[in-house]
Number of protein chains: 2
Amino acid sequence: MEVCITSLLRDKGFKVTPQRLAIYNMLSSTRSHPNAEMIFNELQAMYPTMSLATVYKTMEILKEIGLVQVLNAGEDSFRYDAVMTNHPHVRCTECGQVEDVPDINIDAFVNEVSQGTKYQIMGQQFYFHGICPACQRKNSN
Amino acid sequence: MEVCITSLLRDKGFKVTPQRLAIYNMLSSTRSHPNAEMIFNELQAMYPTMSLATVYKTMEILKEIGLVQVLNAGEDSFRYDAVMTNHPHVRCTECGQVEDVPDINIDAFVNEVSQGTKYQIMGQQFYFHGICPACQRKNSN
DNA sequence: TTTTTTATAGAAAACGATTATCGAGTAGTT
DNA sequence: AACTACTCGATAATCGTTTTCTATAAAAAA
Ligand SMILES: [Mn+2]
Ligand SMILES: [Mn+2]
Ligand SMILES: [Zn+2]
Ligand SMILES: [Zn+2]
């Protein structure tokens with residue numbers, strides 16, 4: 001992993017910096033689909049001088065070299081995912097957390113759309129919204 | 001239609017104004033899924049004094065009374081649709097137009113997700129991106 | 001290792017879509 | 001016509017994101 005991002009950055013002419021490694025390591029070891037501010041806050045303790053702009057610029061690079069994807073979960077900010085398979089997400093409208101939709105294969109559905117349209121489909125994004133188990137419990141009290 | 005929006009506005013305590021009727025009429029008679037600025041530009045000729053803020057405030061009201069839905073097609077601005085069924089859209093990454101995905105029933109897919117997750121699903125949004133027929137032709141020249 | 005080159009980090013300002021504020025004007029009511 | 005409450009449009013504010021600029025760190029060359 002560490003090797004992977006290092007050589008990918010070098011191959012594309014980007015320099016390998018502690019900030020970039022830290023951001024990618026943080027993202028690839030969480031399932032929380034953080035946005036830029038969450039990443040910034042998380043790394044604040046370890047890298048007190050790092051700015052939010054650096055997070056944004058790093059995400060741009062990581063996206064370009066194919067290590068992260070940008071998620072649009074119907075919020076006002078983007079979230080990031082180091083899992084590169086195209087998979088749907090679900091967001092809790094009460095607590096705001098974004099999770100993967102488990103055990104879903106979207107290929108059949110994507111194929112059906114691809115064949116039903118004259119567009120040359122290059123990608124897609126699916127997101128659901130609802131209430132997570134924890135918030136459901138909280139509500140029923 | 002005209003009757004519909006008029007009584008819906010009145011019933012919810014909103015006043016019926018020329019601007020609101022014009023915005024809704026424009027939206028319900030196009031398939032282009034315009035964003036606020038497109039609506040504003042389109043109505044500029046007929047309503048030269050209308051401001052962009054009025055378009056936004058009107059969309060908020062129309063959404064609230066259930067006459068329009070807000071689309072997120074992976075752009076930096078929202079688009080609006082007077083068709084209230086929840087249907088997927090496809091955006092051309094070259095010319096930017098947003099169209100309906102034809103002849104697709106999403107119910108089976110939505111049901112599968114609903115049963116596979118512990119979330120209480122309240123809604124969803126699907127969008128595809130790719131290259132439209134016109135831009136494909138343009139490219140192959 | 002030292003020097004040279006080049007890209008980067010971070011502070012600050014800019015940006016752009018959307019929202020909030022406010023005073024004058026208008027719709028609907030009496 | 002007069003009254004009241006809502007709405008319009010100009011303007012400012014907001015906020016996530018992007019850009020600009022320059023000292024500095026990383027990579028390449030010597
Ligand atoms: Mn994910
Ligand atoms: Mn549509
Ligand atoms: Zn929740
Ligand atoms: Zn096109």
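Just so we're clear, the structure is a prediction, and the values are computed from it rather than from any experiment. Chain letters run A, B, ... following the sequence lines, proteins first and then strands; every chain starts at 1.
Atom P of nucleotide C:dA7 and atom NZ of A:Lys12 are separated by 16 Å, given to the nearest angstrom. To the nearest angstrom, C1' of D:dC8 lies 15 Å from CG of B:Leu9. Between B:Phe40 atom CZ and D:dG9 atom C1' the separation is 10 Å, expressed in whole Å. Distance CD (A:Glu75) to P (D:dC15): 16 Å, rounded to an integer number of Å. The distance from atom CD of B:Gln44 to atom C1' of D:dC8 is 15 Å, rounded to the nearest whole Å. Between the CD1 atom of B:Ile23 and the C1' atom of D:dT7 there is a distance of 12 Å, rounded to whole Å. Rounding to whole angstrom units, CG of residue A:Leu21 and P of C:dT8 are separated by 13 Å. With rounding to whole Å, B:Arg20 atom CZ is found 11 Å from D:dC6 atom P.
A donor and an acceptor atom, one from each side chain of B:Tyr119 and A:Gln136, are nowhere located under 3.5 Å apart. For the residue pair A:Glu94 and A:Asn139, a side-chain donor N or O sits within less than 3.5 Å of a side-chain acceptor on the partner.
Looking at every heavy atom in both residues, A:Asn72 comes nearest to B:Gly74 through ND2-CA, 4.1 Å.
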Sort me out a list of protein N/O and nucleotides 22-28 of chain C N/O pairs below 3.5 Å, or just none if empty.
unit_1 : atom_1 : unit_2  : atom_2 : d
C:dA27 : N3     : B:Lys15 : NZ     : 3.3
C:dG28 : OP1    : B:Arg10 : NH2    : 3.1

Please enumerate all protein N or O atoms sitting under 3.5 Å from an N or O of nucleotides 16-19 of chain C, with distances to 0.1 Å.
unit_1 : atom_1 : unit_2  : atom_2 : d
C:dT18 : OP1    : B:Phe78 : N      : 2.8
C:dT18 : OP2    : B:Tyr56 : OH     : 2.3
C:dT18 : O5'    : B:Tyr56 : OH     : 3.4

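End-to-end axis angle of the helix from C:dT1-D:dA30 to C:dT30-D:dA1, using five pairs per end and rounding to 10°, comes to 30°.
In this structure, A:Lys63 pairs ionically with A:Glu60, as a charged nitrogen and a carboxylate oxygen lie closer than 4.0 Å.
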Could you walk me through whether A:Phe126 and A:Phe109 satisfy the ring pair (Phe, Tyr, Trp, His ring centres under 6.0 Å) test, starting with their C-alpha distance in whole Å, then the side-chain angles of each, then the deciding distance to 0.1 Å, before giving a yes or no? CA-CA 11 Å; A:Phe126 302 161; A:Phe109 183 67; 5.6 Å; yes
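Ring planes of A:His89 and A:His33: perpendicular class, angle over 60° (limits at 30 and 60°).
At least one donor-acceptor pair under 3.5 Å links the side chain of A:Ser140 to the backbone N or O of A:Arg137. Between the side chain of A:Ser29 and the backbone N or O of A:Met26, at least one donor-acceptor pair lies under 3.5 Å.
Two residues are said to be in side-chain contact when any heavy atoms from C-beta on lie closer than 4.5 Å; A:Lys15 and A:Leu9 fail this criterion. Two residues are said to be in side-chain contact when any heavy atoms from C-beta on lie closer than 4.5 Å; B:Asp100 and B:Asp81 meet this criterion. Taking the side chain as every heavy atom from C-beta outward, A:Met59 and A:Val68 approach each other to under 4.5 Å.
For A:Gln19, no side-chain nitrogen or oxygen approaches OP1 or OP2 of D:dA25 to under 4.0 Å. Side-chain N/O atoms of A:Thr54 include one lying less than 4.0 angstrom from OP1 or OP2 on C:dG10.
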